[in-house]
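Here's the structure, in structure tokens; my notes come after.
The figures that follow rest on heavy atoms only: side chains count, while hydrogens, waters and symmetry mates do not. For reference, positions follow the sequence shown, starting with 1. No experiment lies behind these values; they were computed from the predicted model shown.
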Amino acid sequence: HIPWEIRDFRTAGSYSNGNRQDPVTTSIRLTGVSLRFGNSRLGGDYSVYNLIHPDFNYKIKADLNLADIKDFIAIDTLVEDMSGRVLAEIQMKGDKAILDNLKKADLLNYDHQADIRMENTSLKLRNVPFYFRGFTGDVTFTDHLDIINLTGVFEDSQVSMSGRVDNFLEFLFTRDGNL
């Protein structure tokens, strides 16, 4: 169930079954994808080559109102309150289709980069006493996590963070990951 109307959907694309005219040489491309929902916009470029052993390249651009996301994803068991704005540009490419038996640790094998801008974001998790309010700043993921001038209120204290976290994705996606 989608709680809001998708509008202004646009894209261009191409399909080719390639020089051998079979699934191995098939390519599918969607470019300039753009759609609006609630007060958010999502888009990007997406391509897959070789339907037997897919190579993919996803470029996602998002301007998200977190209140829209809370309504879309059934996360009521985890999140009590979520608001603010997130602007993101994410690129991921690799040699296995993202929907083909994906495991969390598989994400480490892909080339990825994410640039995320948070504006006045707030998050309150259920059954956790911490409340993050009004956070603004930038986060970049590559082979590590960079936090750039992230400021906000944690509980009743003003917080300002900048720094680098190595092995962040390994820590999230594997049992053996160390920060």
Side-chain angles (χ1 to χ4, degrees), residues 1-8 33-46 57-94 98-99 102-179:
H1 170 63
I2 298 174
W4 25 248
E5 178 182 311
I6 293 176
R7 55 190 197 283
D8 299 331
V33 176
S34 176
L35 63 90
R36 293 181 64 84
F37 59 93
N39 293 309
S40 299
R41 179 179 292 277
L42 186 64
D45 299 314
Y46 312 92
N57 187 348
Y58 302 140
K59 294 178 184 174
I60 302 166
K61 293 183 179 182
D63 180 349
L64 303 175
N65 178 320
L66 292 181
D68 292 339
I69 302 304
K70 184 179 179 202
D71 291 340
F72 178 64
I73 301 172
I75 55 176
D76 289 345
T77 57
L78 295 174
V79 176
E80 186 175 312
D81 183 40
M82 185 166 55
S83 63
R85 182 176 182 205
V86 173
L87 295 107
E89 290 191 23
I90 302 166
Q91 181 169 352
M92 187 167 35
K93 55 185 170 179
I98 198 76
L99 299 177
L102 181 69
K103 295 176 183 67
K104 289 189 306 184
D106 291 338
L107 293 172
L108 297 173
N109 298 324
Y110 301 143
D111 291 331
H112 53 272
Q113 179 171 339
D115 297 309
I116 300 168
R117 170 85 181 147
M118 292 181 277
E119 295 179 352
N120 199 29
T121 59
S122 296
L123 178 65
K124 172 75 173 97
L125 300 174
R126 287 203 188 284
N127 304 319
V128 177
F130 307 125
Y131 190 21
F132 301 90
R133 290 188 326 262
F135 274 81
T136 297
D138 298 287
V139 177
T140 300
F141 289 97
T142 53
D143 59 342
H144 61 277
L145 171 71
D146 277 320
I147 301 169
I148 306 157
N149 297 325
L150 184 62
T151 61
V153 176
F154 174 68
E155 286 304 293
D156 292 324
S157 298
Q158 183 68 37
V159 177
S160 179
M161 293 182 273
S162 289
R164 174 180 164 143
V165 180
D166 290 325
N167 300 322
F168 183 71
L169 292 178
E170 289 177 25
F171 178 75
L172 287 179
F173 297 141
T174 68
R175 292 184 190 269
D176 301 331
N178 292 314
L179 287 178

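Under the ring-ring contact (aromatic ring centres under 6.0 Å, His included) criterion, Phe154 pairs with Phe130, Phe132, sequence neighbours left out. Judged as a salt bridge (Lys or Arg N to Asp or Glu O under 4.0 Å), and not counting sequence neighbours, Glu89 has no contacts. Applying the ring-ring contact (aromatic ring centres under 6.0 Å, His included) test to Phe171 and every residue at least two apart in sequence or in another chain returns nothing. Scored by the side-chain hydrogen bond (donor to acceptor under 3.5 Å, both in side chains) test, Asn149 finds Ser162 as partners (sequence neighbours excluded). Not counting sequence neighbours, Thr151 has no partner by the side-chain hydrogen bond (donor to acceptor under 3.5 Å, both in side chains) test. Not counting sequence neighbours, Ser83 has no partner by the side-chain hydrogen bond (donor to acceptor under 3.5 Å, both in side chains) test. Residues forming a salt bridge (Lys or Arg N to Asp or Glu O under 4.0 Å) with Asp81 (at least two apart in sequence, or on another chain): none. In this structure, Asn120 has no side-chain hydrogen bond (donor to acceptor under 3.5 Å, both in side chains) partners at least two apart in sequence or on a different chain. Taking the side-chain contact (heavy atoms from CB on, under 4.5 Å) definition, one finds that Leu35 meets it with Ile6, Phe9, Phe37, Leu42, sequence neighbours left out.
Counting all heavy atoms, side chain and backbone alike, Val165 lies closest to His144 at O-CB, 3.4 Å. Here the shortest heavy-atom pairing between Tyr131 and Glu155 reads N-OE2, 2.8 Å. Residues Ser122 and Gly134 share a closest heavy-atom pair of OG-N, 3.0 Å.
Among residues at least two apart or in separate chains, salt bridge (charged side-chain N to carboxylate O under 4.0 Å, His left out) pairs with a member in residues 157-169 are Arg164-Asp166. Legend: salt bridge (charged side-chain N to carboxylate O under 4.0 Å, His left out) pairs involving residues 129-143, not counting sequence neighbours, sorted by first then second residue: Arg117-Asp138.
A donor-acceptor contact shorter than 3.5 Å links the side chain of Asn167 to the backbone of Asn178. Distance alone, capped at 3.5 Å, is enough to place a donor-acceptor pair between the Asp68 side chain and the Ser40 backbone. His112 places no side-chain N or O within 3.5 Å of a backbone atom of Gln91 that could act as its donor or acceptor partner.
Using a 4.5 Å heavy-atom cutoff, the side chains of Asn65 and Arg85 are not in contact. With a 4.5 Å cut-off on side-chain heavy atoms, Phe141 and Gln113 do not count as touching. The shortest side-chain heavy-atom distance between Val86 and Met118 falls under the 4.5 Å cut-off.
At most 12 non-hydrogen atoms from other residues, nucleotides or ligands lie less than 6.0 angstrom from NZ of Lys61. The neighbour count for Asp156 CG, taken as heavy atoms of other residues, nucleotides or ligands under 6.0 Å away, does not exceed 12.
Here CG of Asp146 is found 12.0 Å from CD1 of Ile116. Values are rounded to the nearest 0.5 Å. Summarising the geometry, atom CD1 belonging to Ile60 is positioned 10.5 Å from atom CG belonging to Asp45; distances are rounded to the nearest 0.5 Å. Distance check, rounded to the nearest 0.5 Å: OG1 of Thr121 to CG of Leu66 gives 6.5 Å.
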If you apply the rule side-chain contact (heavy atoms from CB on, under 4.5 Å), what do you find for Tyr58 with Lys93, and how did you get there?
CA-CA 6 Å; Tyr58 302 140; Lys93 55 185 170 179; over 6 Å; no
